[in-house]
Amino acid sequence: MTTAPINKVMPLSLVDGPGNRSTIFFQGCNLACAYCHNPETQNQCHHCGICVSGCPSGALTKADGRVNWDPEVCVQCDQCIHVCSSNASPKVRHLTPEEIFEEIQKNLPFIRGITVSGGESTLYPHFIKELFTIARAHGLTCLIDSNGTTDLTSYPALLALCEGVMLDVKAWDQQTYQKITGGLTNAVVKKNLHHLACCNKLEEIRIVCLPGEVDAEAVISGIAETIGENVTDVKLKLITFRSNGVNGRLQNTPSPDDTYMQQLLQQAYELGFEKAVIVS
Ligand code: SF4
Ligand code: SF4
């Protein structure tokens with residue numbers, strides 16, 4: 001039986017692609033971005049038990065070296081997330097695609113599709129394929145939200161089952177990419193960018209903008225050069241960095257000002273991104 005670690009199934013979301021969607025957040029990421037807004041999805045729990053005693057409702061217990069979570073008792077205060085220094089969560093469930101769909105099914109009258117997010121959902125490509133097969137059989141559209149580090153050219157059947165990928169392009173220069181993500185190379189991200197544009201599966205591109213940390217101007221130019229004539233059709237989101245939820249060295253960093261964001265938007269327009277927007 002195929003299972004994957006799931007941090008959360010959000011029944012209704014308006015920010016994870018077009019229309020109302022259910023979003024599935026996978027646990028585990030191969031990057032550790034300095035500006036990550038949900039760092040508790042980065043790592044798997046190693047059952048140290050530090051979070052157990054602070055749980056106000058008794059939803060956490062430790063037995064046989066494992067921390068167990070009782071969702072029936074949990075009051076979702078997130079105290080366990082705040083005390084975990086490993087960027088993990090004890091509230092992770094190992095679910096099959098069928099079990100996930102069972103949770104989504106009750107939303108069918110209200111949703112247009114599903115989006116897999118994370119963590120990094122493409123670390124589980126075969127699992128996602130199974131989930132998308134079930135979702136499509138029920139008339140739902142399917143989107144992947146990804147950091148682009150899994151070589152999607154190796155998964156044509158998965159891409160065939162989804163409407164598109166919402167791709168994060170976090171930096172263009174290799175050193176900048178390593179500094180902001182902890183990842184070794186963005187070569188695969190660039191390969192995916194080109195491939196997804198060529199096969200019409202690039203749903204959206206996202207850049208988190210923070211001068212001094214992210215080379216947003218270089219990212220915009222690099223994307224334009226890589227996707228060529230597709231530049232006019234693709235949605236480009238210029239996301240204003242916000243420190244809410246961020247842990248570590250950027251947690252007190254101020255957001256860029258409107259003038260800077262408008263300059264980036266202007267650059268994007270000049271390069272032909274007709275669907276570029278600023279996300280505040
Ligand atoms: S969630 Fe964090 S603090 Fe709690 S048991 Fe797991 S690793 Fe330890
Ligand atoms: S969110 Fe964590 S600490 Fe709060 S009640 Fe649930 S398990 Fe306990």
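Every heavy atom of this structure was used, including side-chain atoms; hydrogens, water molecules and symmetry mates were not. Bear in mind the structure is a predicted one, so any value in this text is a computation, not a measurement. We number each residue from 1, following the sequence as shown.
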- To the nearest 0.5 angstrom, please state how far the CG atom of L158 sits from the CZ atom of F132. 6.0 Å
- Locate the shortest heavy-atom distance separating V75 from P56; write the atom from each residue and the value. CG2-CG, 4.5 Å
- Distance col, row I104:CD1 vs M10:CE, nearest 0.5 angstrom, shows 12.5 Å
- Item | Common cluster, Y124/L159, ILVMFWY with side-chain heavy-atom separation under 4.5 Å | yes
- Under a 4.5 Å cut-off applied to non-hydrogen side-chain atoms, are Y260 and D258 in contact? no
- Query: Do S86 and H46 have side-chain N/O donor and acceptor atoms under 3.5 Å apart?
  - Reply: yes
- Message: Any side-chain to backbone donor/acceptor pair from D78 onto I81? Under 3.5 Å, distance only.
- Response: no
- Query: Should V116 and L143 count as side-chain neighbours, where that means a heavy-atom distance under 4.5 Å?
  - Reply: no
- Parallel, tilted or perpendicular: ring planes of Y155 versus H126, cut at 30 and 60 degrees: perpendicular
- Task: Apply side-chain contact (heavy atoms from CB on, under 4.5 Å) to V9 and F25, showing your working.
- Result: CA-CA 6 Å; V9 178; F25 293 88; over 6 Å; no
- Task: Might you work through the side-chain contact (heavy atoms from CB on, under 4.5 Å) test for I220 and I207, ending with a clear yes or no?
- Result: CA-CA 8 Å; I220 295 168; I207 309 168; 3.7 Å; yes
- Considering only heavy atoms from C-beta outward, does the side chain of K8 approach that of Q27 to under 4.5 Å? no
- Check: T240 and V279 side chains under 4.5 Å, non-hydrogen atoms: no
- Message: Side-chain heavy atoms nearer than 4.5 Å, only ILVMFWY residues, links allowed to pass through others: does that put V169 and I278 together?
- Response: yes
- Task: Considering only NZ, NE, NH1 and NH2 on the basic side and carboxylate oxygens on the acidic side, decide whether R136 and E163 come within less than 4.0 Å.
- Result: yes
- Task: Please say which of N7, T41, D145 ends up in a side-chain hydrogen bond (donor to acceptor under 3.5 Å, both in side chains) with S117.
- Result: D145
- Is K129 atom NZ crowded by more than 12 heavy atoms from other residues, nucleotides or ligands, each under 6.0 Å away? no
- Note on the structure: When rounded to the nearest 0.5 Å, the distance separating CZ of F110 from CG of N20 is 9.5 Å
- Item | Joint hydrophobic cluster, L60 plus V83, side-chain heavy atoms closer than 4.5 Å | no
- Under 6.0 Å from the NZ atom of K62, do we count more than 12 heavy atoms belonging to anything else shown? yes
- How long is the span from the CG atom in N192 to the NZ atom in K190, to the nearest 0.5 Å? 13.0 Å
- Message: Which heavy atom of V15 sits nearest to which heavy atom of R206, and what is that distance?
- Response: O-NH2, 4.2 Å
Identify all side-chain donor-acceptor contacts of residues 63-72 below 3.5 Å with residues at least two apart in sequence or on another chain.
| unit_1 | atom_1 | unit_2 | atom_2 | d |
| --- | --- | --- | --- | --- |
| D70 | OD1 | E72 | N | 2.9 |

- Quick one: are T96 and T2 in side-chain contact, heavy atoms under 4.5 Å? no
- Item | Donor-acceptor side-chain pairing of S221 and Q267 below 3.5 angstrom | yes
- Please report the C-alpha distance between S13 and R21 in whole Å, then the side-chain angles of each, then the deciding distance to 0.1 Å, and finally whether the side-chain hydrogen bond (donor to acceptor under 3.5 Å, both in side chains) criterion is met. CA-CA 5 Å; S13 167; R21 316 184 71 79; over 6 Å; no
- Within residues 230-244 or reaching into it, pairs that qualify as salt bridge (charged side-chain N to carboxylate O under 4.0 Å, His left out) - sequence neighbours excluded: E203-K235, E204-K237
- If Ile, Leu, Val, Met, Phe, Trp and Tyr residues are connected whenever their side-chain heavy atoms lie under 4.5 Å apart, and connections chain through other members, are I100 and L161 in the same group? yes
- Query: Is any side-chain heavy atom of Q263 closer than 4.5 Å to a side-chain heavy atom of T259?
  - Reply: yes
- Mutual orientation of the aromatic rings belonging to F26 and F127 [parallel < 30°, tilted 30-60°, perpendicular > 60°]: perpendicular
- Nearest heavy-atom pair of A34 and R249: which atoms, and what distance? CB-NH2, 3.7 Å
N/O donor-acceptor pairs under 3.5 Å from side chains in residues 178-186, not counting sequence neighbours:
| unit_1 | atom_1 | unit_2 | atom_2 | d |
| --- | --- | --- | --- | --- |
| Q178 | NE2 | L184 | O | 2.7 |
| T181 | OG1 | Y177 | O | 2.7 |
| T181 | OG1 | G183 | N | 2.8 |
| T185 | OG1 | A187 | N | 3.0 |
| N186 | ND2 | A171 | O | 3.0 |
| N186 | ND2 | W172 | O | 3.1 |

- Message: Could you walk me through whether T61 and V52 satisfy the side-chain contact (heavy atoms from CB on, under 4.5 Å) test, starting with their C-alpha distance in whole Å, then the side-chain angles of each, then the deciding distance to 0.1 Å, before giving a yes or no?
- Response: CA-CA 6 Å; T61 50; V52 172; 5.6 Å; no
- Item | Check ion pair R93-E103 (N to O, under 4.0 angstrom) | yes
- So do the side chains of I144 and T115 get within less than 4.5 Å of each other, counting heavy atoms only? no
- Item | side chain to side chain contact (heavy atoms under 4.5 Å, CB included) partners of E120, counting only residues at least two apart | C29, N30, T122, L123, S146, N147
- Drop me the distance from L140's CG to S22's OG, to the nearest 0.5 angstrom. 8.0 Å
- Does atom CD of Q76 have more than 12 heavy-atom neighbours from other groups under 6.0 Å away? yes
- What closest approach, in Å, do P256 and L210 show between heavy atoms, and which atom pair accounts for it? CD-CD1, 4.3 Å
- Item | Other residues, nucleotides, ligands: >12 heavy atoms within 6.0 Å of H194 NE2 | no
- Message: Taking L95's backbone N and O only, do any of them form a donor-acceptor pair with T3's side chain (distance below 3.5 Å, no angle check)?
- Response: no
- Message: Using side-chain heavy atoms (C-beta onward) and a distance below 4.5 Å, is E40 in contact with C84?
- Response: no
- Message: With a 3.5 Å distance limit and no angle check, can you tell me whether H94 reaches the backbone of I6 through a side-chain donor-acceptor pair?
- Response: no
- Do NZ/NE/NH1/NH2 and the carboxylate oxygens of E213 and K170 come within less than 4.0 Å? no
- Item | Listed once per pair and sorted, the side chain to side chain donor-acceptor pair (under 3.5 Å) pairs that draw on residues 271-280, sequence neighbours left out | none
- Work out which heavy atom in C142 is nearest to a heavy atom in A135; give both atom names and the distance. SG-CB, 3.9 Å
- Query: Between G28 and Q44, which heavy-atom pair has the shortest distance, and what is it?
  - Reply: CA-NE2, 3.7 Å
Ignoring hydrogens and angles, write down the donor-acceptor pairs under 3.5 Å from the side chains of residues 222-231, residues two or more places apart or on other chains.
| unit_1 | atom_1 | unit_2 | atom_2 | d |
| --- | --- | --- | --- | --- |
| T226 | OG1 | G222 | O | 2.7 |
| N230 | ND2 | I227 | O | 3.1 |

- Query: Same cluster or not: are I134 and I114 linked, directly or through other Ile, Leu, Val, Met, Phe, Trp or Tyr residues, by side-chain heavy atoms under 4.5 angstrom apart?
  - Reply: yes
- Note on the structure: Taken to the nearest 0.5 Å, the spacing of M166 CE from L196 CG works out to 12.0 Å
- Would you sort out whether V214 and C209 count as a side-chain contact (heavy atoms from CB on, under 4.5 Å), showing the intermediate values? CA-CA 6 Å; V214 176; C209 304; over 6 Å; no
